[in-house]
Amino acid sequence: MPAIPLLRQALGDPLGLGWAARSRRSEELRPRTAVADRVVDSICPYCAVGCAQNVYVADERVTQIEGDPDSPISRGRLCPKGSASRSLVTSPSRLLKVRYRPPHGTEWEELDLDQAMDMIADRVVAARAATWEQQDDEGRTLRRTLGFASLGGATLDNEENYLIKKLFTALGAVQIENQARI
């Protein structure tokens, strides 16, 4: 086989799409997805389109993220941000612990996840109790709080939005919105 690609094309592969385009190096290449132990279905975390992603995992580490060709939304395509979403997971600057800065504090503290979740729950309960409106001035039943609100992100799916809506409605919140609608 001639070493010069142009000669290989002239000898039987005029479009350069077959054997003429191959080299020793390209013959040895393997896809990054070939080393994956498993593939996990996911949704792109950026905009509200909801493009499906295949997340390739090897040794419990994300090795590649690609568009899911079975998705009726994106048909396997991802925008530049979606294509780069692997860096969200693998970036060395990604925070892996809960960070908290107390009121009037100047430094961040690391908290245990359970402690942080308990602090959030305590604050929601306290805000609800402090701002609960059972009735208005004319005696009409309200059973609501204006002490907190919910603004969902555009990447939440229908099931997540449903659960958030149910939770905040049960807590008596009135201001419940989703970024995808705004």
Side-chain angles (χ1 to χ4, degrees), residues 15-19 21-23 25-101 108-125 127-128 148-182:
L15 297 178
L17 299 175
W19 65 271
R22 294 189 189 111
S23 67
R25 182 179 175 278
S26 67
E27 288 290 332
E28 294 171 1
L29 292 175
R30 297 290 170 257
R32 289 181 294 239
T33 58
V35 298
D37 301 327
R38 61 192 165 106
V39 180
V40 179
D41 294 332
S42 187
I43 303 294
C44 180
Y46 289 106
C47 73
V49 173
C51 297
Q53 293 180 322
N54 289 333
V55 180
Y56 295 86
V57 180
D59 299 324
E60 296 305 310
R61 296 186 56 96
V62 173
T63 58
Q64 181 69 12
I65 297 178
E66 295 183 352
D68 184 351
D70 295 331
S71 169
I73 296 170
S74 58
R75 298 176 294 184
R77 296 171 183 89
L78 294 174
C79 71
K81 286 177 80 172
S83 295
S85 59
R86 177 176 163 252
S87 65
L88 287 173
V89 180
T90 60
S91 172
S93 61
R94 178 181 183 207
L95 295 178
L96 300 174
K97 298 188 181 202
V98 176
R99 308 232 13 228
Y100 171 72
R101 191 174 72 197
W108 290 96
E109 302 171 6
E110 286 186 359
L111 295 181
D112 178 62
L113 179 60
D114 289 334
Q115 179 185 0
M117 296 295 279
D118 288 342
M119 288 171 68
I120 293 168
D122 291 344
R123 290 173 184 186
V124 168
V125 170
R128 183 179 186 266
F148 52 82
S150 171
L151 176 60
T155 59
L156 296 173
D157 62 30
N158 287 342
E159 292 79 11
E160 291 167 316
N161 278 314
Y162 175 79
L163 292 173
I164 290 169
K165 170 71 171 153
K166 291 297 253 184
L167 170 66
F168 277 83
T169 299
L171 289 170
V174 177
Q175 303 99 334
I176 307 169
E177 191 53 81
N178 187 288
Q179 171 194 354
R181 258 179 34 123
I182 296 177

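These numbers come from a predicted model, not from an experiment.
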Original post:
Could you give the distance from OG (Ser87) to NZ (Lys81), rounded to the nearest 0.5 Å?
Top reply: 11.0 Å
**OP:** Assess whether atom OH of Tyr100 is packed by more than 12 heavy atoms of other residues, nucleotides or ligands within 6.0 Å.
**Re:** yes
Original post:
In terms of heavy-atom contacts, does CE of Met119 have more than 12 from other residues, nucleotides or ligands at under 6.0 Å?
Top reply: yes
**OP:** Taking the side chain as every heavy atom from C-beta outward, state whether Pro45 and Ser85 have any pair of such atoms under 4.5 Å apart.
**Re:** yes
Subject >> Value rounded to 0.5 Å, distance of CE in Met117 from CG in Leu111 >> reply: 12.5 Å
Subject >> Spacing of OG1 belonging to Thr169 relative to CD1 belonging to Ile164, to within rounding of 0.5 Å >> reply: 11.5 Å
Original post:
In this structure, are over 12 heavy atoms from other groups packed under 6.0 Å from Asp112 atom CG?
Top reply: yes
Subject >> Minimum side-chain heavy-atom gap Ser42-Asp68 below 4.5 Å >> reply: no
**OP:** Step by step, work out the side chain to side chain contact (heavy atoms under 4.5 Å, CB included) result for Arg25 and Leu29.
**Re:** CA-CA 7 Å; Arg25 182 179 175 278; Leu29 292 175; 3.8 Å; yes
Original post:
Just wondering, more than 12 heavy atoms not from Arg99 lying within 6.0 Å of its CZ?
Top reply: yes
Subject >> From Ser71 atom OG to Asp41 atom CG, the distance as rounded to the nearest 0.5 Å >> reply: 10.0 Å
Original post:
Charged N to carboxylate O under 4.0 angstrom, Arg38 versus Glu60?
Top reply: yes
Subject >> Given Thr33, Leu88, Val55, the one that forms side-chain contact (heavy atoms from CB on, under 4.5 Å) with Ile65 >> reply: Val55
Original post:
Is there a donor-acceptor pair closer than 3.5 Å between any side-chain N or O of Arg128 and the backbone N or O of Leu171?
Top reply: yes
**OP:** Output yes when a side-chain donor or acceptor of Glu177 lies under 3.5 Å from a complementary backbone atom of Ala149, and no otherwise.
**Re:** no
